[in-house]
Each structure stands twice: as C-alpha cells, then as structure tokens.
Amino acid sequence: MRNVVVNSKINYTVTLLTMKNSSLVNYTAINASYVNGSEINVTLCNATFVNASFVSYTRVNHTVCHSKLVNVSLVNYASFNGSYLNVTFHNITSYNETAINETRVNTTLLLVNATRFYRINVTLVNETEMNGLYLNSTFINVTHANLTMNNVTLISSTFLNHTLWNVSLVNMTYINSTSYNWTSINVTSFNETNVNLTVYNYTAINVTEFNLTAVNVSLLNSSHVNYTRLNCSIADSLFHNVSYVNYSSINCTYINSTWVDGSSFNTSNINQTRINVTVLYFNATLYKEHNVSAVNESFLHSLFVQSNFTNVTQFNLTMKNVSFIN
C-alpha cells in the first residue's frame, strides 16, 4: 500500500479522482470539492475535512479512523465495505447517499440532514447522534449497540430488520414511516412522537418509555416483555395480535383505538383514561387496573383470568361474550 502524508489542502477542487491502495495520514482539507471521484482500498487516519463537498463519489473497502468531518455535503455518494473508528461528523448534509456493509465504532454525529439516505447491512457500536433529520430514507439490516440518539426525526422512511441494543433515545420523531422486524432490547425512550406509523413484527424486551405521543399508529404481530410505559397519549391507533408480558402502563390516555387478538400476562394499568376504545378477542391473565376511567368502551369475546380491578369507572360500556375467572 502506498503511503501519502499531506499536511493540508485549502481551496481546491478535484475532478475525476481515482485513488487505489493508498493510506492518507494527517490529512487536512479546507474548502475542498471532490467531483466524479472514486476510492478503492484507501485508509484515512487523523484527517480533518472542513467545508468539503463530495458529488458523484464512490468509496469501496475504505477505513477512516480518528478523523473529523465538519460542514460536509454529500450528493450521489456511495460507500461499500466501510469501517469507521473514532470519527466525528458535524453538520452533514446528504442527498441520495448509500452505505452498504458498513461498521462504525465510537462515532459521533451532530446535526445531520439527509434525504434519500440508504443504510444496508450496517453495524454501529458506541455511537452518539444528535439533531438529525432523515427524509425518504431506508434502513435494512441495521444493528445499533450502545447508541444514544437525541432530537432525531425520520419522515417517510422504511426500516427492515432493525435492532437496538442498550440504547437511549431522547426526543425521537417518526412520521409517515413503516417498520418490519424491529427489535428493541434494553432501550430507554424519552419524549417520543409517532405519527402515521405502521409497525410489523415488533419485539421489545426490557424497554422503558417516558412521554410517548402516538397518533394513527398500527402495531401488528408484536410482543412486549418487561415493558414500562409512563405518561403516554395514544389516539386513532390499531393493535393487532400484540402480546404483553410483565407490562406496566402508568398515566396514559387512549382515544379512538382498537385491540384485536391480543394477550397479556401480568399487566398493570394505573391512572388510565380510555375514550372510544374497542377490545376484541383479548385474553388476559393476572391483569390489574387501578384508577381507570373509560367512556364508550367495548369488550367483545375476551377472557380475564385472576384479574383485579380497583377504582374503575366505565360509562356507556358494551360487553359481549366476556368471561372473568378467579
């Protein structure tokens, strides 16, 4: 591999760049523009890019370590088999960016604005992301471990086979998006907003959720295990074939929502308000409710075993084929 050491490049444009089998160390680029370029088998360490742009640029088998990118724009940018270690991205704007087979360890993203962003077969470990916006983006086979995200919004985006391990989420927003096979393990979420969200096959284990707002959400074929939800507002939503095990809901309001073919074991609802809620074919064991107010509620074809209800008030209640045992 050829080693290249460059102290700095300032105010320059590179067109039709092709770089292969190279290593760049202590590289600084300021006010740089790269157009119609490609890199193959390139290692970049201790590098700094400030006010840089990459247009129609492709990287294959590249490694970036101990580097910083500030005020960088990416247009029609593709990255294949990339590895990032101890890298900071600050104020990144991208359009039609693709990242495939990528690994990131100890990376920080601050202020990212991405449209048509594609992330496929990506593993991220010890990553921090703050103030991000993703539009019309796709995430396939993405795994996050030890992730912290704050003030990130995803609009009109798709998630397939998404996994979160040991993750902290603050002020997350999902709008007009769809998720398939999402798994959350050891996750804490604060102030999350979901609007027009459809979720298929969601698995949640050891999840704590504070201050959730959800409108027009469809949750299908999903399970919650050791799940705690505090201070939530859910409206105009559908829950189909959803199971709850060791689930606790405190200070929540549900409006115009429906549960179909659901089940629960050791579920607790405390300080809850339900308006225009319908429950169909629901089987519950060790189900507990305390301080609950319900208006225009319907329970149909359901079973409650070893359940307990205290301080529950229901107005305009409809019940049909409902059984209470022990």
Side-chain angles (χ1 to χ4, degrees), residues 109-114 117 119 124 127-135 137-139 142-220 222-239 242 244 246-257 259 267 269-274:
L109 293 87
L110 306 172
L111 196 58
V112 175
N113 192 326
F117 179 82
R119 179 174 279 176
L124 307 103
E127 182 168 75
T128 299
E129 180 168 3
M130 299 179 64
N131 302 323
L133 173 62
Y134 296 86
L135 303 175
S137 297
T138 301
F139 304 83
V142 175
T143 299
H144 296 272
N146 303 327
L147 167 71
T148 299
M149 298 185 77
N150 192 338
N151 297 326
V152 176
T153 298
L154 300 109
I155 300 175
S156 301
S157 296
T158 301
F159 305 84
L160 175 62
N161 301 332
H162 208 76
T163 302
L164 305 180
W165 295 76
N166 301 325
V167 171
S168 176
L169 306 173
V170 180
N171 300 330
M172 296 291 297
T173 301
Y174 302 88
I175 300 174
N176 298 333
S177 296
T178 304
S179 169
Y180 304 86
N181 303 329
W182 182 303
T183 300
S184 293
I185 301 175
N186 300 332
V187 173
T188 302
S189 174
F190 295 87
N191 305 328
E192 181 174 316
T193 300
N194 299 324
V195 180
N196 300 332
L197 177 66
T198 301
V199 179
Y200 299 88
N201 303 327
Y202 171 60
T203 300
I205 302 174
N206 299 331
V207 173
T208 301
E209 192 176 72
F210 298 89
N211 304 329
L212 168 70
T213 299
V215 179
N216 195 24
V217 171
S218 294
L219 184 61
L220 313 170
S222 301
S223 65
H224 304 70
V225 179
N226 300 332
Y227 200 106
T228 300
R229 176 172 282 165
L230 295 94
N231 304 327
C232 72
S233 176
I234 298 175
D236 306 313
S237 296
L238 170 66
F239 304 86
V242 177
Y244 305 87
N246 299 330
Y247 176 91
S248 179
S249 169
I250 302 172
N251 299 331
C252 285
T253 299
Y254 297 88
I255 301 174
N256 299 329
S257 297
W259 280 258
T267 290
N269 294 324
I270 300 174
N271 301 333
Q272 187 172 102
T273 299
R274 299 192 296 260

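Of all heavy-atom pairs spanning Ser137 and Ala114, the tightest one is OG-O, 4.2 Å. When all heavy atoms are compared, the tightest approach of Arg274 to Asn269 is NH1-ND2, 4.3 Å. Considering every non-hydrogen atom in both Ser184 and Val187, the closest pair reads CB-CG2, 3.7 Å. Heavy-atom minimum distance, Ser177 versus Ser156: OG-N, 3.5 Å.
With Asn196 as the partner, the side chain to side chain donor-acceptor pair (under 3.5 Å) test is satisfied by one option alone out of Thr178, Asn176, Asp236: Asn176.
The aromatic rings of Phe190 and Phe210 lie parallel to each other, with less than 30° between the two planes, well short of the 60° mark. Between His144 and His162, the ring planes are tilted. Angles from 30° to 60° get that label. In this structure, Tyr180 and Tyr200 have parallel ring planes: the angle between them is below the 30° cut-off, well short of the 60° mark.
Donor-acceptor pairing under 3.5 Å is lacking for the side chains of Glu192 and Tyr174. No side-chain donor-acceptor contact under 3.5 Å links Trp165 and Thr163.
Side chain of Ser179 to backbone of Val199: no donor-acceptor contact under 3.5 angstrom is found.
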- Message: Apply ring pair (Phe, Tyr, Trp, His ring centres under 6.0 Å) to residues Tyr254 and Trp259 and explain how you reach the verdict.
- Response: CA-CA 11 Å; Tyr254 297 88; Trp259 280 258; 5.3 Å; yes
